[in-house]
Amino acid sequence: MFPFSQFMASRLQKSLLFLVIPLLVISVHVLATGSPAAAVQSEEAEADALLGWKASLDNQSRSFLYSWSTTAGSPCNWFGIHCNEAGSVSNISLRDSGLKGTLQSFSFPSFPNLVKLNLSNNSFHGSIPSHIGNLSKLNILDFSVNEISGSIPKEIGMLNSLTYIDLSNNFLTGTIPASIGNLTTLPILYIHMNQLSGSIPQELGMLKFVTEIDLSVNSLTGTIPTSIGNLTNLWALSLISNQLSGSIPQEIGMLRSLTELALSQNNLYGPIPASIGNLTALSSLYLTDNQLFNSLPREIGKLTKLTTLFLEMNELSGTLPSEMNNFTLLEVFIIYSNRFTGQLPQDICIGEGLKSFAINGNDFTGPIPRCMRNCSRLLRLHLESNQLTGNISEDFGVYPQLNFMDLSDNKFYGELSWKWESFSKLSTLKISNNNISGTIPADIGMAAQLHSLELSSNHLAGIIPKELGKLTLFELSLDDNELSGGIPEEIGLLSELERLNLAANNLSGPIPKKLGYCSKLLFLNLSKNKLTESIPVEVGNLISLESLDLSHNLLTAMIPPQLGLLQRVETLNISHNLLSGPIPTTFGYLSSLTVVNISYNELEGPIPNNKAFQQAPFEALQNNRYLCGNNTRLEACVSVAINKTIRKKHSKLVYAMVIPLVCSLFVVSVLVGGFFVLHKRIRNRKANSEEVNPSGESRKKDMKYENIVKATEDFNSKYCIGVGGYGIVYKAVLPTGRVVAVKKLHQSQNEEVTDFKAFKSEICVLMNIRHRNIVKLHGFCSHAKHSFLVYEFIERGSLRNILSNEDQAVELNWLRRLNVVRGIANALSYMHHDCSPSIIHRDISSNNILLDSEFEAHVSDFGTARFLMPDSSNWTSFAGTFGYSAPELAYTMMVNEKCDVYSFGVVTIEILVGRHPGDFISSLSSSFSFPSSSLMDEHTLLMDMVDQRLPLPQYKTAEGIIHIAQLAHACLSGNPQSRPTMKQVSSHLMDKWNPLTKPFSEVKLGEIFPFFPTRIQ
């Protein structure tokens, strides 16, 4: 379970007591005062005030409140209105009603007996009026989950009967008013997830009866006030995700009733105070992502009720105090990315309730805690990047619930002699860079849920067991071991495999032909082995491959031309083999190739006319039989040299024979054909060189056909930056220095444009689109030789390439990824709902999402599918990009916005997991089932699915990821009508990742999205 969710879960239970109090107040007999006429007059005033406020709301809200009418009698009979026995309004409860409007027309003074006001989860905007201070009897005030802005009025301090305030999940700005200190009887204060700034007022310490305070996810600065020590009744304090600085005050130790303390994601520095040991009732402590340093105080061992401890991403050092062995109730222990040293307390998990244990990225030595063997409830285990020792055969137990285990980069030894059938839920196992020996057991095939297996850089020997073919592996890394024998053909059964690394072993025999069945492979490394025979032609079937390394083997014969089918391959290394013959001409079509190495073979002949070969360094081409071609480190090919010699020897003879004839023909052509030449030029300019340009000042002279052709050297492959469904994309630097992207259409696409007038009209519409998340279309040129579209150039290129690159994927951190999702949603919402007529993209994929230098998303090719494939009834001829198209396109020709919504869902999941989710999509579109029984397990499994190249997301970021994953799930519904619109999607992502006021673990999805029927089951 995520720290923020767990923190809020127990808090809500405690709040129920205070939600009961107002109900008791409402039920108290109210003594009637004054005459009956006065009561009637008061009732009429309240009715008039409610009707006046209703009139200020939007049409849909007024329709919803149809019962608010004088014809319906007393307001006590109206929806959401409750009265006391005297007939006066005492309770207004309109939560989850879809209301939209402001509070400016709400006459607060008209309701002197109002006890409860609940407007949560609506769309109210504007500020909170100052005359709210007139509600002197108010017990409950709940404006949460709205769009309220402005500052919190100081008059809120006049509501001294309040027992519950919830202003969370709004857009409130300014400071927390000091007058809040007047609410001396207030137990509950929620103002989290706003945009509040300034310091926390010292007057907060006057709330002597407060039990829960949540100010998290704001922009509060300054220090934690020392007056916090006065809040001796406080159960829960959350200041997560602010900009607080200074040290944790010693006075925190005075909060002896505290059960949850959450100070994560701030700028707090200094040591953890020893007074924290006084919090003997504390069950959850969150100090993640601050600048805390020094060693942990020994007094922390007094927290014997602690179940959850998060200290990761600080500068804490020293050894863990032995007093931590007192943590007999410990379930979650997360302290990664610090500077801890020494040995782990051996009984830190003696209670055997441990579920998550993450100490990675420290400098621990010695054995793992001996109690670890008995932690049968363990879900996640992160021990990587330490100096731990021990025998993995003996020191670890059986973990039937374990989902993720990483022991990499330690000093573990022993053999993999575990009871593999007991690891029924294990998804990821990483034990790289240790001293593991023995063989890979065949029984590992019994770990049925295993998707990622990394055993590289150990001392494993023997053969690769064929039983691995029983698994559904996405990644298999066995490199840098002492494995021998052949590569088993059963590897070809791993149809979901994306990364296979068997490099640096003693493998022999041929490369199995069945490897070609692994069609989803992105990375294949078989280098530094003793593989023999020829490269099988079936390798050409790996059309998704981006990196291929077969170097340092004993491969013979010619390079199969089928390797030219690997259009996505970026890195190719076949050096240090016995390959002979010419390089296949098909290599000239490897448009994505950037790095190549063919050195130390017996290759001969010309190198391909390809940027990677032409710019390859000498080291990448050396020690072959004879290579030639257009590379400064090679000689020109012989045939070219001979032709030059022949032309030079016979130049005089040619000139003597040809020049008189040419002169004669020239005179005749000038006199007789001049008129026709001139006429033909005029006709060609009109018919064969139609150019569509923006109007007005944006008609760019530097975007003429000749300039584009010249800038790309007649579309030379060295300017190629990508290949799309309709053509090849080139980077062009125009004479003015402007950089543009030019999409040269395939000839077949050019021929599809039959109605040029209508096509030109379409182009003009698209060129007038202005949106920050849509790639700007500058113009189009239709020419007899080349037709192309001219777009703005987006620096970082496609989302797909960025996710495929290890370094760039890490740079695309979680916050940037969440922003990319929001940008895509905004673009689609704009084109679907704000353009008239609406425009459907039809081919949303990670290839068509471009990121600029600031990682802002830009959707490209918007609308081009429509005018390049104008006959939408013939959709079977174009079904979008495989793996992104909506399932209904397999059996219907109906193309609408919901097809884009589905594709958006696929891309969103791809952004979260760092790769295309493959067949996982089909399970999402039918159900969203987790094989575990608890909400914590569900959240844990989702975190195991996200991109493991990034640090595990925490708190607000983690909530955002779950929020977006749920939203993507809705978009992937198999029923198009059940999918949300992109306007709904964009609205939910606008400024808050997770607009919730209750613990995430208790939220029903229907409370977030109306198109969700139930909570995740």
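Looking at N326, its side chain never comes within 3.5 Å of a backbone N or O of T304 through a donor-acceptor pair. For D289 (side chain) and Q265 (main-chain N/O), no donor-acceptor pair under 3.5 Å exists by modelled atom type. A donor-acceptor pair is defined here as one N or O able to donate and one able to accept, closer than 3.5 Å; no such pair exists between the side chain of N242 and the backbone of N266. Between the side chain of N338 and the backbone N or O of F340, no donor-acceptor pair lies under 3.5 Å. A donor-acceptor contact shorter than 3.5 Å links the side chain of Q948 to the backbone of V946. Remark: the backbone N or O of L237 is not paired with any side-chain donor or acceptor of D214 at under 3.5 angstrom. Using modelled atom types, one side-chain atom of Y399 and one backbone atom of G397 make a donor-acceptor pair closer than 3.5 Å. Within the 3.5 Å criterion, the main-chain N or O of S393 finds a donor-acceptor partner in the side chain of N391. At least one donor-acceptor pair under 3.5 Å links the side chain of Q346 to the backbone N or O of L344. Although no hydrogens or angles enter the test, the distance criterion places a donor-acceptor pair under 3.5 Å between the side chain of S283 and the main chain of T259.
Between I248 and L292, the closest side-chain pair of non-hydrogen atoms falls below 4.5 Å. Side-chain contact between P271 and F293 is present, with at least one heavy-atom pair separated by less than 4.5 Å. By the 4.5 Å heavy-atom criterion applied to side chains, L354 and M372 are counted as neighbours. At a threshold of 4.5 Å between non-hydrogen side-chain atoms, the residues L460 and I436 count as touching. The shortest distance between side-chain heavy atoms of M405 and T428 does not fall below 4.5 Å. No side-chain heavy atom of L263 sits under 4.5 Å from any side-chain heavy atom of I240. Side-chain contact between L407 and L381 is present, with heavy atoms from C-beta onward closer than 4.5 Å. The side-chain heavy atoms of L383 and I359, taken from C-beta on, include a pair separated by under 4.5 Å.
Between T288 and E312, the side chains place a donor N or O and an acceptor N or O closer than 3.5 Å (distance only, hydrogens not considered). In summary, the side chains of R822 and N819 do present a donor paired with an acceptor at a separation below 3.5 Å, with no hydrogens or angles considered. A donor and an acceptor atom, one from each side chain of N433 and D409, are located under 3.5 Å apart. Checked by atom type, the side-chain pair Q250/S275 shows a donor-acceptor distance below 3.5 Å. No hydrogens or angles considered: a donor-acceptor pair under 3.5 Å links the side chains of S432 and S456. With no hydrogens or angles considered, a side-chain donor-acceptor pair links D363 and Q387 at under 3.5 Å.
One finds no salt bridge joining R377 and E352 here, because no Lys/Arg side-chain nitrogen approaches an Asp/Glu carboxylate oxygen to under 4.0 Å. With salt bridges taken as basic N to acidic carboxylate O contacts below 4.0 Å, one links D947 and R817. A salt bridge does not link D395 to R373: none of the charged side-chain nitrogens sits closer than 4.0 Å to a carboxylate oxygen. Between K302 and E323 there is no salt bridge, since none of the side-chain N atoms of the basic residue sits less than 4.0 Å from a carboxylate O of the acidic one.
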**OP:** Begin from the C-alpha positions of H963 and L989 and carry the test side chain to side chain contact (heavy atoms under 4.5 Å, CB included) through to its verdict.
**Re:** CA-CA 9 Å; H963 178 69; L989 296 175; 4.1 Å; yes
Subject >> Full working for side chain to side chain contact (heavy atoms under 4.5 Å, CB included) between N435 and H459 >> reply: CA-CA 6 Å; N435 297 312; H459 303 292; 3.6 Å; yes
**OP:** Would you check, one step at a time, whether the test side chain to side chain contact (heavy atoms under 4.5 Å, CB included) holds for L476 with L468?
**Re:** CA-CA 9 Å; L476 177 60; L468 289 176; 4.2 Å; yes
Original post:
Between K430 and E384, does a salt bridge (Lys or Arg N to Asp or Glu O under 4.0 Å) hold up when you go through it step by step?
Top reply: CA-CA 9 Å; K430 301 182 180 183; E384 68 268 24; over 6 Å; no
**OP:** Run the numbers on S457 and D480 for side-chain hydrogen bond (donor to acceptor under 3.5 Å, both in side chains), then give the verdict.
**Re:** CA-CA 5 Å; S457 300; D480 194 18; 3.1 Å; yes
**OP:** Check the pair L268 / I224 against side chain to side chain contact (heavy atoms under 4.5 Å, CB included), numbers first and verdict last.
**Re:** CA-CA 9 Å; L268 301 173; I224 299 174; 4.2 Å; yes
Original post:
Stepwise, does the salt bridge (Lys or Arg N to Asp or Glu O under 4.0 Å) test hold for E806 with R499?
Top reply: CA-CA 13 Å; E806 294 293 321; R499 296 180 64 85; 3.7 Å; yes
**OP:** Test E498 against R915 for salt bridge (Lys or Arg N to Asp or Glu O under 4.0 Å), laying out the working first.
**Re:** CA-CA 9 Å; E498 296 181 353; R915 53 180 170 78; 3.5 Å; yes
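In this structure, the separation between CG on L279 and CD1 on I300 is 10.0 Å, given to the nearest 0.5 Å. Expressed to the nearest 0.5 Å, how far CD1 of I961 lies from OG1 of T908 amounts to 12.5 Å. Taking CG of L329 as the start and CG of L303 as the end, the distance is 11.5 Å to the nearest 0.5 Å. For the atom pair CG (L450) and NZ (K470), the distance works out to 14.0 Å, reported to the nearest 0.5 Å. The structure places OG of S264 at 8.0 Å from CG of L285, a figure rounded to the nearest 0.5 Å. The CG atom of L311 sits 12.0 Å away from atom OG of S337, with the distance rounded to the nearest 0.5 Å.
Of the listed residues (L287, N314, L320), just one forms a side chain to side chain contact (heavy atoms under 4.5 Å, CB included) with I335, and that residue is L320.
Between H382 and F404, the distance separating the two ring centers is shorter than 6.0 angstrom.
Smallest separation of non-hydrogen atoms from M324 and L309: CE-CD2, 3.9 Å. Contact record, L812 with V820: CD1-CG2, 4.3 Å, taken as the closest heavy-atom pair. Taking all atoms of both residues into account, the shortest heavy-atom contact from Q808 to I802 is OE1-CG1, 3.3 Å. Of all heavy-atom pairs spanning A448 and L471, the tightest one is CA-CD2, 4.3 Å. In plain terms, the two heavy atoms of G905 and A968 that are nearest each other are O-CB, 3.9 Å. Across L402 and L379, no two heavy atoms sit closer than the pair CD1-O, 3.4 Å.
Cysteines C349 and C375 keep their SG atoms at least 2.5 Å away from one another.
W420 and W418 have tilted rings, their planes meeting at an angle from 30° to 60° on a 0 to 90° scale. Classification of the F357-F333 ring pair by plane angle, with boundaries at 30° and 60°, yields parallel. Between H451 and F474, the ring planes lie parallel to each other; the angle is under 30°, not in the 30° to 60° tilted range.
Residue R949 qualifies as enclosed at atom CZ: its count of foreign heavy atoms under 6.0 Å is above 12.
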